[in-house]
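Reviewing the structure listed below.
All values reported here derive from a predicted model rather than from experimental measurement. Residue numbers begin at 1 in each chain, while the letters A, B, ... track the order of the sequences.
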Amino acid sequence: MFKVQFMSIHARPRPISHSCTLEKTKYLLKVSADTRNLKLGKVLHGQLIKRSAESIEDVVIQSNSLINHYAKCRQMSLACQLFDRMLERNLVSWSSLMAGYLHSGLSSEVLRLFKTMNLDGTLQPNEYIFTTVISSCSDIRALEEGKQCHCYVLKSGLLSYSYVKNALLYMYSSCSDVQGAFEVFETVSGSDILSYNSMIHGLLEHGYLNKALEVLIKMVSEPVVWDNITYVTVINLCKHLKDLNLGLQIHNRIFRTGLKLDVFICSAIIDMYGKCGKIFSARNVFDGLCNHNVVSWTAIMDAYIQNGCFEEAFNLFIQMERKGVLPNECTYAVILNSCAELSSLRHGDVLNARIKKSGLSDYVIIGNALINMYSKSGDVESGHQVFSDMTYRDIITWNSMISGYSHHGLGREALEVFQNMLAAEEAPNYVTFVGVLSACGHLGLVDKGFYYLNQIMKGTGVTPGVEHYTCIVGLLCRAGLLKEAESFMRSTPVKWDVVAWRTLLNACHIQGNFGLGKKVAETILELDPDDVGTYILLSNMYAKARRWDGVAKIRKLMRGRNIKKEPGVSWIEIRNNIHVFVSEDKKHPHSSQIHEKVSELLSLIKPLGYVPRIDTVLHDVEDEQKEEYLSYHSEKLAVAYGLMIAPIGGPIRVIKNLRMCDDCHCAIKLISMVTNRKIIIRDANRFHCFKNGSCSCGEYW
DNA sequence: CTAGGGTTAG
């Protein structure tokens with residue numbers, strides 16, 4: 001009440017009555033510091049100058065109060081001036097100034113001050129000084145200096161202060177020294193809730209999920225009271241573990257303890273439910289929160305996107321803007337992801353323009369999201385443009401560019417980016433090598449692939465996993481070395497999955513190795529007796545070998561297990577609309593014209609050598625009808641529609657949910673030639689860029 | 001008169 005009265009009466013600088021004692025001034029300076037009220041502090045400062053202090057000690061305390069005030073108000077030059085003019089300083093003078101620098105983002109200045117103070121030698125650092133200095137080390141990731149502080153702390157016996165212990169723990173964890181953090185955590189007695197929060201958060205951040213879970217279990221057995229931050233951290237752990245059960249238990253615990261949900265906790269819960277596939281639970285939490293901020297909006301959008309509801313995410317984006325909440329860099333990254341999933345180049349371009357206008361382009365996550373969006377929308381060149389323009393890059397940037405090029409079959413470009421990455425001294429990781437090895441596959445560079453696997457990967461300390469070995473299988477297959485691929489699989493001690501075996505099976509199909517294919521298919525069906533892809537490939541293989549009895553057998557098997565081929569769906573974005581085509585469906589308003597267009601295109605390419613692959617049609621119908629079924633494949637419909645109404649001359653971009661079939665691949669190659677158009681198709685596996693009668697995949701996919 | 005931990009992206 002006193003504060004309010006004072007501020008309303010003395011809003012502008014003027015002498016304060018003598019009844020305002022020194023004690024009161026000191027108290028008010030603390031208030032002005034804590035409320036960041038620069039003006040009030042300046043008034044008090046003026047007051048103090050006019051008054052002579054009783055003792056040297058009083059002068060020091062007054063100056064400290066002022067330094068603290070200016071430091072809290074981020075007026076570091078004023079704070080520093082006062083500090084420099086002091087004839088005598090105590091530990092509070094130093095620590096107030098240091099804390100100011102730390103919070104103003106000038107941590108290196110804190111370390112410099114600490115050195116100066118130690119050189120002087122008259123003052124021994126106390127727990128306050130260490131807490132601030134160690135926090136500064138965390139801030140600028142100065143592990144070496146942090147370790148030195150640790151030694152110093154051990155000598156001075158100040159580790160018993162929880163502030164110091166937790167600062168050290170946090171320092172090790174932010175400097176990625178999880179071992180060091182764990183040592184502090186376990187060897188120093190007395191863990192409070194902050195120790196647990198920092199420890200779990202640190203382990204989580206560096207991917208030690210099981211270790212984090214262990215600490216959580218230990219924390220549950222201790223009589224510590226959880227706070228809001230504990231809940232945020234633990235919910236995050238559930239998200240990373242994808243452990244919905246644990247998440248539900250934590251959510252329950254919040255209800256039981258009657259904790260007030262803040263926007264931090266809600267955002268974390270929304271995110272956790274979203275990543276665990278519980279979109280309705282996520283929505284409930286979102287709706288129950290009254291003070292939404294940009295983070296909670298972004299979390300709910302992402303939850304929808306994670307669950308394939310892209311349109312709802314776009315709607316939420318519009319709603320958020322209507323409420324006057326400005327999107328930030330994460331919001332754009334999330335929405336760009338949605339564009340990437342849909343291959344919505346047009347929406348992505350519009351967003352990019354808005355990002356440029358709002359000045360968010362320099363965020364690494366924005367650049368990364370744009371590279372991803374452009375690559376997945378079939379415009380890897382624009383992705384590379386973004387990449388080139390980026391001032392700061394991280395591991396995700398490099399990986400996105402490498403795998404972007406790789407998916408487009410541009411192996412040479414992918415490897416070039418990888419070389420530049422090494423030259424830029426960015427350490428490659430697990431994901432990097434998946435892109436690199438698949439690039440070798442596209443180029444058919446068998447020796448180079450093995451060189452990367454055996455030499456470069458070992459050199460960088462990345463342990464190869466099944467994804468890398470699968471790339472090697474693909475590489476051998478592509479080079480026609482099926483036997484070698486098979487023996488590689490049988491001799492490499494790794495848990496091969498269906499994806500790996502299907503790579504080999506697909507090669508058997510493409511290269512007509514019926515015997516091996518049958519064997520491989522058996523292996524896959526032992527792993528997963530319902531693998532649709534295998535049945536389809538197997539049936540296609542029988543058809544290719546003209547073994548109609550085999551085709552019939554497979555169909556019977558599929559019927560018996562009630563396995564249905566997922567319908568092929570393709571879509572194309574024209575202007576602002578997305579047009580969806582499902583194989584054999586005639587629901588599109590222009591259905592008959594589109595079918596006419598397909599027939600027209602097919603009759604144009606037949607003289608050029610197109611022969612309908614009726615042998616691959618699974619239906620029990622006459623040949624003529626089989627040909628008709630082929631012409632109703634969703635990608636043919638989408639391409640035809642694109643040629644009918646998309647802007648003349650530009651590329652046609654189509655997205656398909658499954659892999660392209662042989663027949664469509666063959667037909668669209670020739671269509672690209674007769675229409676003189678670039679046709680880019682993103683299928684479940686990769687991109688096919690058709691131009692002048694050939695495809696970027698080099699006839700192998 | 002001085003000190004610590006959290007949410008949305010890949």
Side-chain angles (χ1 to χ4, degrees), chain A residues 25-27 29-30 33 57-58 60-69 71-72 90-100 102-103 126-136 138 158 161-171 173-174 192-202 204-205 227-236 239 262-272 274-275 289 292-303 305-306 327-337 340 363-369 371-372 394-397 399-400 403 431:
Chain A
T25 314
K26 217 169 73 184
Y27 167 75
L29 265 176
K30 185 173 161 53
E57 227 185 314
D58 270 353
V60 174
I61 293 177
Q62 281 170 27
S63 303
N64 289 350
S65 299
L66 284 168
I67 291 172
N68 179 46
H69 165 257
K72 289 259 164 69
N90 66 10
L91 285 169
V92 180
S93 328
W94 288 91
S95 60
S96 302
L97 189 68
M98 285 175 172
L102 168 63
H103 294 126
N126 66 359
E127 68 277 18
Y128 283 87
I129 300 281
F130 275 121
T131 305
T132 307
V133 173
I134 295 167
S135 300
S136 304
S138 315
L158 293 166
Y161 286 96
S162 64
Y163 272 93
V164 177
K165 176 192 169 173
N166 291 334
L168 271 174
L169 204 163
Y170 186 72
M171 182 277 294
S173 150
S174 21
D192 58 13
I193 194 62
L194 262 108
S195 322
Y196 281 108
N197 292 348
S198 296
M199 202 59 227
I200 297 175
H201 179 80
L204 196 57
E205 185 145 281
D227 64 9
N228 287 33
I229 297 178
T230 318
Y231 283 105
V232 168
T233 310
V234 171
I235 291 161
N236 244 327
K239 170 183 85 177
D262 66 13
V263 70
F264 282 77
I265 298 183
C266 283
S267 305
I269 299 178
I270 292 166
D271 189 37
M272 182 270 293
K275 300 259 158 54
L289 179 69
H292 291 115
N293 66 5
V294 63
V295 180
S296 57
W297 278 105
T298 307
I300 190 69
M301 281 178 225
D302 190 46
I305 292 165
Q306 296 289 330
N328 69 6
E329 69 282 8
C330 288
T331 322
Y332 280 116
V334 161
I335 288 293
L336 280 171
N337 257 332
Y363 281 95
V364 178
I365 61 162
I366 290 283
N368 296 350
I371 294 172
N372 184 43
D394 64 11
I395 178 86
I396 310 288
T397 319
N399 289 353
S400 305
S403 59
V431 179

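Nucleic acid contact for A:Y170: sugar-phosphate only, since backbone atoms but no base atoms lie under 4.0 Å from a heavy atom of the residue. Among the heavy atoms of the strands lying under 4.0 Å from A:T298 is at least one base atom, whether or not backbone atoms are also near. When heavy atoms are screened at a 4.0 angstrom cut-off, A:Q306 is found touching the sugar-phosphate backbone but no base atom. Looking at heavy-atom distances under 4.0 Å, A:N372 makes no contact with the nucleic acid at all. Among the heavy atoms of the strands lying under 4.0 Å from A:V334 are primed sugar atoms or P, OP1, OP2 only; no base atom is included. Within the 4.0 angstrom heavy-atom criterion, no nucleotide atom of any strand lies near A:N399. If you check every strand for non-hydrogen atoms under 4.0 Å, A:T331 touches nothing. At the heavy-atom level, A:H292 lies nowhere under 4.0 Å from the strands shown.
Here the side chain of A:N368 pairs no donor or acceptor atom with the backbone of A:I371 at under 3.5 angstrom. Without hydrogens or angle criteria, A:H201 side chain to A:N197 main chain gives no donor-acceptor distance under 3.5 Å. A:S95 contributes a side-chain N or O that, together with a main-chain N or O of A:L91, makes up a donor-acceptor pair within less than 3.5 Å.
Out of B:dG6, B:dC1, B:dG10, the shortest distance to the side chain of A:S65 is found at B:dC1. In the set B:dG4, B:dG10, B:dA3, B:dG10 carries the atom at the smallest distance from any side-chain atom of A:D394. Here the side chain of A:N126 is nearest to one of B:dG6, B:dA3, B:dT2, namely B:dT2. Distances were taken from every side-chain heavy atom of A:I265 (C-beta onward) to each of B:dG6, B:dG4, B:dT8; the shortest belongs to B:dG6. Counting only heavy atoms from C-beta on, A:Y128 has its side chain closest to B:dA3 among B:dG10, B:dA3, B:dG4. If you check B:dG5, B:dG10, B:dA3 against the side chain of A:S198, the one that comes closest is B:dG5. Minimum atom distance to the side chain of A:T132 is reached by B:dA3, of the listed B:dT8, B:dA3, B:dG6. Among the nucleotides B:dG5, B:dT7, B:dA3, the one closest to the side chain of A:A99 is B:dA3. Considering only side-chain atoms of A:T131, the nucleotide from B:dC1, B:dA3, B:dG6 that sits closest is B:dA3. Of the listed nucleotides (B:dC1, B:dT8, B:dG10), B:dT8 has the atom at the smallest distance from the side chain of A:N328.
Legend: residues meeting ring-ring contact (aromatic ring centres under 6.0 Å, His included) with A:Y196, ordered by chain and number and at least two apart, are A:F185. Remark: A:H292 pairs with A:F286, A:W297 by the ring-ring contact (aromatic ring centres under 6.0 Å, His included) rule, at least two apart or across chains.
One atom, CG of A:L336, and another, P of B:dT8, lie 18 Å apart when rounded to the nearest Å. Rounded to whole Å, the distance from CD1 on A:I193 to P on B:dG4 is 18 Å. Between the CG atom of A:N197 and the P atom of B:dT7 there is a distance of 11 Å, given to the nearest Å. If you measure from atom CD1 of A:I200 to atom P of B:dG5, you get 16 Å, rounded to the nearest angstrom.
Taking 4.0 angstrom as the limit, A:H69 places none of its side-chain polar atoms (N or O) nearer than this to OP1 or OP2 of B:dT2. Neither OP1 nor OP2 of B:dG5 sits under 4.0 Å from any side-chain N or O of A:Y231. Between A:K72 and the phosphate of B:dA3, there is a side-chain N or O to OP1/OP2 separation shorter than 4.0 Å. In this model, the phosphate group of B:dT7 is approached by a side-chain N or O of A:N236 to a distance below 4.0 Å at OP1 or OP2. Residue A:K275 places none of its side-chain N or O atoms closer than 4.0 Å to OP1 or OP2 of B:dT8. Remark: A:H201 is not in phosphate contact with B:dG5, judged by side-chain N or O atoms under 4.0 Å from OP1 or OP2.
Checked by distance alone, A:N68 brings no side-chain donor or acceptor within 3.5 Å of a matching partner on the base of B:dC1. At a cut-off of 3.5 angstrom, the base of B:dG5 holds no donor-acceptor pair with the side chain of A:D192. Donor-acceptor pairing under 3.5 Å, judged by distance alone, is absent between the side chain of A:N337 and the base of B:dG10. With hydrogens and angles ignored, a donor-acceptor pair under 3.5 angstrom links the side chain of A:D227 to the base of B:dG5.
Between the side chains of A:N90 and A:S93, at least one donor-acceptor pair of N or O atoms lies under 3.5 Å.
Note that CD1 of A:I134 is 12.0 Å distant from CG of A:L102, once rounded to the nearest 0.5 Å.
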